[in-house]
Structures are given as C-alpha cells and as structure tokens.
S.K.: 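Could you have a look at this structure, given as structure tokens, before my questions?
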Protein chains: 2
Amino acid sequence: MGDETKNGQPYHLDSQVGFTMRQANQRHLSIFARHIPALTPTQFATIAKLCELGQASQNALGRATAIDAATIKGVVDRLRRRDLVASSPDPNDQRRVFLTPTDAGRALYASVIPAAHAVTSETLSPLEPEEREVFLRLLRKMI
Amino acid sequence: MGDETKNGQPYHLDSQVGFTMRQANQRHLSIFARHIPALTPTQFATIAKLCELGQASQNALGRATAIDAATIKGVVDRLRRRDLVASSPDPNDQRRVFLTPTDAGRALYASVIPAAHAVTSETLSPLEPEEREVFLRLLRKMI
DNA sequence: CACACTCTGCTTGTATACGAACAATAAACG
DNA sequence: CGTTTATTGTTCGTATACAAGCAGAGTGTG
C-alpha cells in the first residue's frame, strides 16, 4: 500500500533501529547541552575518563572512551586550550604524550557530576523504573 | 574506592546512558557502512523519506527525517551532485524548492532496501527475538 | 496600506566522527 | 646487528550536526 516495493519487501524508515537510535540520541544530546552547557558529551567523557584513570596517553584515552584517534586529538586540543587537561612528554616512550587532568579540570568534572546524573535521569524519564533497567541491559548487550 | 567523589555521588562513565547509546550507535554505523557503502545513514534516510513522500520541500524533508535545516542542505547538495535527487522551483511559494527523487535515486533506494533490512537485523542480532521488540518499544518511547 | 510575525532557505562557526595516509619511534625477529 | 612490523600521534578529506544570524517571501492584523 505504498510501503510495498517491487521485490515485495515492505519498508518504513521510521521502524529502522538506526533511525530511531539517532533520534533518541538527538534528544539525549539536547538534554545534555541544557544541563551541562560548559562541555560537550565527548569532552565530558574525555575528562571523566581521564579523572578516573588519573593519567593516560592520548590514544589510550581514546580507546577507553571509544573515541577515534583522529577525533580525540581535536577534543584534547580544545580541552588543553581551556586548561582542563595538561600534557607532558612520556620519558619511557618518546611517541607518547601523557595526559593528566588539571586542578581546574578535576574541579569542573566534580562540579558537573550531579548534572550528569540528572542528564541520565531525564533521558530515561519517559520509561518506567523497571523499563530503564531493561533498556540499559539490552543497550549494553548490543555493543 | 575511586568512584566516590567529595559530595558522595559515585560515578562511572560506562554506566551513563549517553555513553552507552553513543557506542551502540557507533556499532550500528559501522554495520551500515559495511552493508551500504554507497550511502551514509543520513543520505539513506533522506532518499528513503523522499521516495516515501514522492516530493517535499527541503525544510519539510528535514523535519520528516529529524535533520537540521542547516544539515540537510549539505546532504541534499551531495545527493543532487550525484543525480539522486532533483530540485524544481515551487510555483506557489517562491521561497520553497520542491525536491523529488530521480529515477537513479529511486532505483538506488529500491536496490538497497534488502541491505537496509540486513543492517537492522545485524544491529539487533545480539538480542533475542523477544528482546528486540522490547528494545525497539522502549527506544521509541524515549524519543 | 503599514507593520509585525512567521516560514524558508542560506551562511558561518564550532564540534564530532572516521577513513586514509604519513613520519617517528618502539618492539620483535632472525 | 639490521630488517620488519606495530604503535603513536598527526594531517587531510569528507560528512554529520546544530546554534545563530541573515534575507526574501508569505500571512495576518491594525
């Protein structure tokens, strides 16, 4: 009836996972920006992981946050420009640059944690409490 | 224990929805690129919706696909450059440009539908059949 | 008619995101 | 030791993504 193609496979864009995931992500991004305007989600993930780890090389930090090596370079550059992250040469490996959060970076991270919890909470707010656990479990299973 | 901050709120990046959604999306994008190298997910959504609608103005198509007006301009430009989409002036409203899929666009769309189904299928493959329905329902509820 | 308001499309600026290619360095190996 | 291979960080090119601001066109109200 309009959703029937020549080869007989009906198709609706709106029922494709990718299309729905993209929109769910858009909504989340907008919630994030409202609660934490000082950082993008990527920047927050980078600082958060660096604070968790204490220190890391740029590529290692990228792997820990699932950020491409080419991408995390720009992210780290912008965080360094804002003095939230510091870099020092690694004496053991001249290729590496060891990254550490600055005091300002650590302070910003700590100050933003409650908002980060609020972001997750608001993102999941359309779901019932039991549904949230199910959703997170399935989402994690899909990675 | 390292995940305890001064204000007492434990925090783990990996358990945040946004972080997990981003990774699930990354995996989906990589599956998409493998099955449909000719189009990006955004380009596919644009062509698919345009074929569904038959015709649309640029902004309207953007709203239908949840793509920003500034973003869809570039998407449509690239599709036009490849002769997958055609544009004609709207006689009723001189601001609008009516977009229609070309024959090549329609053909590409039709030829790619099976692969699109495969993308959704592979993306959901880590889940049990019942879990997939639950996941899609919750995902849709969250938009 | 004059005016405000809205819609449409465009442009600029910033930030991801990733493939591909590259040089420098390190490690593994014979 | 020298050769090969792998890793690290970088650069380039392409493609989203969205905020903000702009101009032109349509619509409504006084």
S.K.: If I take atom CD in residue Gln94(A) and atom C1' in nucleotide dT25(C), what distance separates them, rounded to the nearest angstrom?
M.R.: 7 Å

S.K.: Looking only at side-chain N and O atoms, does Gln55(B) offer a donor or acceptor that is under 3.5 Å from a partner on Thr100(B)?
M.R.: no

S.K.: Quick check on dT16(D): is either OP1 or OP2 less than 4.0 Å from any side-chain nitrogen or oxygen of Gln26(A)?
M.R.: no

S.K.: Rounding to an integer number of Å, can you tell me how far Lys73(A) NZ sits from dG19(C) P?
M.R.: 19 Å

S.K.: The side chain of Ala70(B) lies closest to which of these nucleotides: dT10(D), dC18(D), dA25(D)?
M.R.: dC18(D)

S.K.: Is there a donor-acceptor pair closer than 3.5 Å between any side-chain N or O of Arg96(A) and the backbone N or O of Ser57(A)?
M.R.: no

S.K.: Atom CG of Asp77(B) to atom P of dT16(D): distance rounded to whole Å?
M.R.: 11 Å

S.K.: Categorize Ser57(B) for me: base, sugar-phosphate, or nothing, with a 4.0 angstrom heavy-atom threshold over every strand shown.
M.R.: sugar-phosphate

S.K.: Between dA17(C), dT10(D), dT8(D), which nucleotide has the shortest distance from any of its atoms to the side chain of Ala69(A)?
M.R.: dT10(D)

S.K.: Any donor-acceptor pair, under 3.5 Å, between the side chain of Arg95(A) and the base of dT8(D), if you only look at N and O atoms?
M.R.: no

S.K.: Look at all strands and tell whether Asp68(A) reaches a base, only sugar-phosphate, or nothing, counting heavy atoms closer than 4.0 Å.
M.R.: base

S.K.: Got a donor-acceptor contact below 3.5 angstrom from the Glu52(A) side chain to the Leu13(B) backbone?
M.R.: yes

S.K.: Between Arg27(B) and Thr123(B), is there a donor-acceptor pair closer than 3.5 Å when you use the side chain of the first and the backbone of the second?
M.R.: yes

S.K.: Start at the 5' end of DNA chain D and walk down; is the nucleotide closest to Phe98(A) or to Arg82(B) reached first?
M.R.: Phe98(A)

S.K.: Could you tell me whether Thr42(A) contacts a base, only the sugar-phosphate backbone, or nothing, with contacts defined as non-hydrogen atoms closer than 4.0 Å?
M.R.: sugar-phosphate

S.K.: In whole Å, what is the span from the CG atom of Asn25(B) to the P atom of dT16(D)?
M.R.: 14 Å

S.K.: Take the protein atom CG of Asp93(A) and the nucleotide atom P of dA27(C), then report the distance between them rounded to whole Å.
M.R.: 6 Å

S.K.: Starting at the 5' end of DNA chain C, which residue's closest nucleotide do you reach first, Gln43(A) or Ser30(B)?
M.R.: Gln43(A)

S.K.: Map Pro91(A) and Val75(A) onto DNA chain C by nearest heavy atom, then report which one ends up closer to the 5' terminus.
M.R.: Val75(A)

S.K.: For the pair made of CD in Gln58(A) and P in dT8(D), what is the distance, rounded to whole Å?
M.R.: 11 Å

S.K.: Within less than 4.0 Å of OP1 or OP2 of dT16(D), is there a side-chain N or O belonging to Arg78(B)?
M.R.: yes

S.K.: Nearest whole angstrom, please: distance from the P of dT14(C) to the CG of Leu39(A).
M.R.: 18 Å

S.K.: Gly74(B) or Asn92(B): which one's nearest nucleotide on DNA chain D is closer to the 5' end?
M.R.: Gly74(B)

S.K.: Nearest 0.5 Å please: distance from the OG atom of Ser87(A) over to the CG atom of Leu79(A).
M.R.: 11.5 Å

S.K.: For Ile47(B) and dA15(D), what is the distance between atoms CD1 and C1' respectively, to the nearest whole Å?
M.R.: 15 Å

